[in-house]
Amino acid sequence: WLSDHVLPQPVGSCRGGLARPTTHRFVGWKMAPLVLQERSVTFRSQGTVELKPPTVNAANASLPNKVCTTRFTLLTWLPLSLWVQFQRVANQFFFIVSILVCLPFSPVQPSTTAGPFAGVLLWTACKDLYEDRKRQRDDDAVNMKSCLRFEVNSGQFKQTEWQKVACGDIVLSFPGDSFPADMMVLGAPEGQAFISTMNLDGETNLKERRPPTACSALAEVAGEKVDVAVKVSEGAELESPKAAVALAQQLALAQGLEIQFDKPSAPLAELGGAASFSTLTDESKQKLKEMNCEPLSNLSFENFVPRGCKLQQTPWLVSVVAYVGTETKVMLNTSAVDAKTSNLQVALNRSVLGLVSTLVLFCLYSATLGQAVGTDDTVDEFFTKFIQYWIILYQIVPVSLYVVFEMVKLLLGNAINNDPAMIDPKTGVHAVARTSDLVEELGQVEHVFSDKTGTLTQNEMVFARCYIGQRDLGEFRPVEGQAVPPGVAEARKILLASGDNLHEDVKSFFVALVFF
């Protein structure tokens, strides 16, 4: 299950269901708790928006929707990387040896042991930094994506970066667009919208979302529904749908829309609040009275669209941003980026413990034998001999093992990234090894638990044939040796011939097939 990040952090975990909620963020050296609080958004007829508390949009240097999934900052990189590396038994062993070789009675030079060990630590730290910078590039790609935000001064929707979207903004979405934040539905054609939540929960069926009851009732007052304009290329001026602009100007601003949002929470279905209007016009009051609708509407999860989900089978959707950045559902359900430990690494730690135990026995035996045949039988001399034998025999745990181990994992990760056999033939997207610490785990899956086959397989429905007006149009699936399937050619022929007696029937059939 992938969120809208480029392989961003998964909401679900294959090892333990839902990931633990993220309730902290990195600030300097420490993890600072997220301050999750209720907020209210009030639109004024003068074209202003009041947000309480105003600190909601103060995060990330006034880029409240910016997300970061990296493990390190430049300040914490080396300390945290070393902390993770010293969880390995071999590194603890070599650290002890590096201290012992600095003693005056050491039989070897410190540079012969401490130097290679420091090189191994630095190599692994640089590898961790390299992989973390790749995560940062993925985050930047998401943060720099664009969406359409309503600007009061121009009265139009203009392109803006995701990271600049703030709580209280009005956003316009088109089919196939991903939502930049958790947003409340303000309006859509026919008062309903359909979204795909596959990036959030893995389900392929579309979910219906509706605006609050009062907003639906006042949508007709805000402006007549018109056909949506065609979306143009990125960065160009966009002719926004008139109905969308009317919703933003007349419904939100002129009617004084006031929205109270509940405190952000991790459960996907826990979304609530209330929407009301403070400056209703006489026409709007009459409309609400005719429809027997109260100006105050309670909000539920059916009135919200979550970040990362996509708009489908709906011409356009206007929404009000409720939660941004780390307060969105996908980020609250994303686990912290921890260091990964493979089964091979665990087995290697056990092997090193066995080797160290054997080394201790050898050193005890050799030191005892040296005391027995020597002339100095003091306790200090025994420990000196024990340490000397430890330094001489420490290479029973070879430092080169970990050097090769780290290099092979990095090379395998790059091989996965560039493997031509691991490319989606439809999208051309390569496989991405987010971390090289687990590449040796590939091919070792023993059990897969799934609640439905769609999780493991691709549910794809292919249109094969149709029979219209007692006439078989033919095969619509690809036929070997024919550039155009017979059914497609026959359907085109009928649609181009307006005088054909099946023209209207075929036209109505395919229109219904596409839109319904």
Side-chain angles (χ1 to χ4, degrees), residues 76-131 338-413 435-441 444:
T76 62
W77 157 58
L78 194 57
L80 288 178
S81 179
L82 292 177
W83 170 258
V84 172
Q85 292 186 62
F86 278 107
Q87 308 302 311
R88 301 171 182 172
V89 176
N91 287 340
Q92 299 174 14
F93 169 76
F94 288 121
F95 181 68
I96 294 174
V97 172
S98 298
I99 295 176
L100 294 179
V101 297
C102 296
L103 297 177
F105 51 80
S106 171
V108 299
Q109 294 295 324
S111 58
T112 60
T113 301
F117 176 56
V120 172
L121 294 179
L122 184 60
W123 163 268
T124 306
C126 291
K127 179 183 72 71
D128 292 341
L129 181 63
Y130 169 71
E131 293 179 345
D338 298 327
K340 306 295 191 299
T341 302
S342 65
N343 292 329
L344 180 59
Q345 183 66 58
V346 174
L348 195 60
N349 285 342
R350 294 197 187 106
S351 300
V352 171
L353 282 175
L355 291 173
V356 172
S357 300
T358 303
L359 177 62
V360 171
L361 293 177
F362 266 109
C363 292
L364 286 174
Y365 172 77
S366 301
T368 302
L369 189 62
Q371 285 290 93
V373 299
T375 57
D376 191 349
D377 57 354
T378 62
V379 176
D380 292 342
E381 183 66 20
F382 173 82
F383 280 109
T384 299
K385 284 184 169 55
F386 177 85
I387 292 175
Q388 288 176 336
Y389 282 116
W390 179 286
I391 296 173
I392 294 172
L393 301 175
Y394 84 92
Q395 291 186 0
I396 192 174
V397 182
V399 67
S400 60
L401 171 66
Y402 276 86
V403 175
V404 175
F405 192 56
E406 293 294 335
M407 293 180 64
V408 167
K409 289 198 295 184
L410 187 61
L411 291 175
L412 287 176
T435 173
S436 62
D437 292 331
L438 297 178
V439 291
E440 65 269 22
E441 296 289 294
Q444 299 186 29

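All values below were derived from every heavy atom in this structure, side-chain atoms included, with hydrogens, water molecules and symmetry-related copies excluded. If you read the sequence from its start, that first residue is 1, and numbering goes on from there.
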Undergrad: Given the rule in the side-chain contact (heavy atoms from CB on, under 4.5 Å) test, do Leu369 and Tyr389 qualify, once you have shown the distances and angles that lead to the verdict?
TA: CA-CA 12 Å; Leu369 189 62; Tyr389 282 116; over 6 Å; no
Undergrad: At what distance, to the nearest 0.5 angstrom, does OG1 of Thr124 lie from CG of Leu410?
TA: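 Rounded to the nearest 0.5 Å, the OG1-CG separation comes out at 10.0 Å.
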Undergrad: Go through the steps for Phe93 and Trp390 under the test ring-ring contact (aromatic ring centres under 6.0 Å, His included), then give the verdict.
TA: CA-CA 11 Å; Phe93 169 76; Trp390 179 286; 5.7 Å; yes
Undergrad: Kindly compute the distance separating CD1 (Ile387) from CD1 (Ile96), expressed to the nearest 0.5 Å.
TA: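 Answer rounded to 0.5 Å: 11.0 Å.
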Undergrad: What's the spacing between Leu100 CG and Phe386 CZ if we round to 0.5 Å?
TA: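 Between Leu100 CG and Phe386 CZ, I get 9.5 Å after rounding to 0.5 Å.
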Undergrad: The criterion is side chain to side chain contact (heavy atoms under 4.5 Å, CB included); which residues satisfy it with Thr384, sequence neighbours excluded?
TA: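 Listed in chain order: Phe105, Gln388.
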Undergrad: In chain order, what residues pass the side chain to side chain contact (heavy atoms under 4.5 Å, CB included) check against Val404, with sequence neighbours excluded?
TA: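 Partners of Val404 by the side chain to side chain contact (heavy atoms under 4.5 Å, CB included) criterion, ordered by chain and then number, come out as Val408.
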Undergrad: Could you tell me which residues satisfy side-chain hydrogen bond (donor to acceptor under 3.5 Å, both in side chains) with Ser81, sequence neighbours excluded, listed by chain and number?
TA: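 Partners of Ser81 by the side-chain hydrogen bond (donor to acceptor under 3.5 Å, both in side chains) criterion, ordered by chain and then number, come out as Gln85, Asp128.
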Undergrad: State which residues pass side-chain hydrogen bond (donor to acceptor under 3.5 Å, both in side chains) with Tyr394; sequence neighbours excluded, sorted by chain then number.
TA: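 Tyr394: side-chain hydrogen bond (donor to acceptor under 3.5 Å, both in side chains) contacts with Thr113.
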Undergrad: For Leu122, give me all partners under side chain to side chain contact (heavy atoms under 4.5 Å, CB included), at least two apart in sequence or on another chain.
TA: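 With neighbours one apart ignored, the set is Cys126.
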Undergrad: Among all residues two or more places apart in sequence or in another chain, which pass the ring-ring contact (aromatic ring centres under 6.0 Å, His included) test with Phe86?
TA: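 Residues passing ring-ring contact (aromatic ring centres under 6.0 Å, His included) with Phe86: Phe95.
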Undergrad: What donor-acceptor contacts under 3.5 angstrom involve side-chain atoms of residues 357-366, with partners at least two apart or in another chain?
TA:
{"residue": "Ser357", "atom": "OG", "partner": "Leu353", "partner atom": "O", "Å": "2.9"}
{"residue": "Thr358", "atom": "OG1", "partner": "Gly354", "partner atom": "O", "Å": "2.9"}
{"residue": "Ser366", "atom": "OG", "partner": "Phe362", "partner atom": "O", "Å": "2.9"}

Undergrad: With Leu411, which residues qualify under side chain to side chain contact (heavy atoms under 4.5 Å, CB included), at least two apart?
TA: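 Leu411: no side chain to side chain contact (heavy atoms under 4.5 Å, CB included) contacts found.
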Undergrad: Any salt bridge (charged side-chain N to carboxylate O under 4.0 Å, His left out) pairs touching residues 84-104, not counting sequence neighbours?
TA: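 Applying salt bridge (charged side-chain N to carboxylate O under 4.0 Å, His left out) to every pair that reaches into residues 84-104, excluding sequence neighbours, yields Arg88-Glu406.
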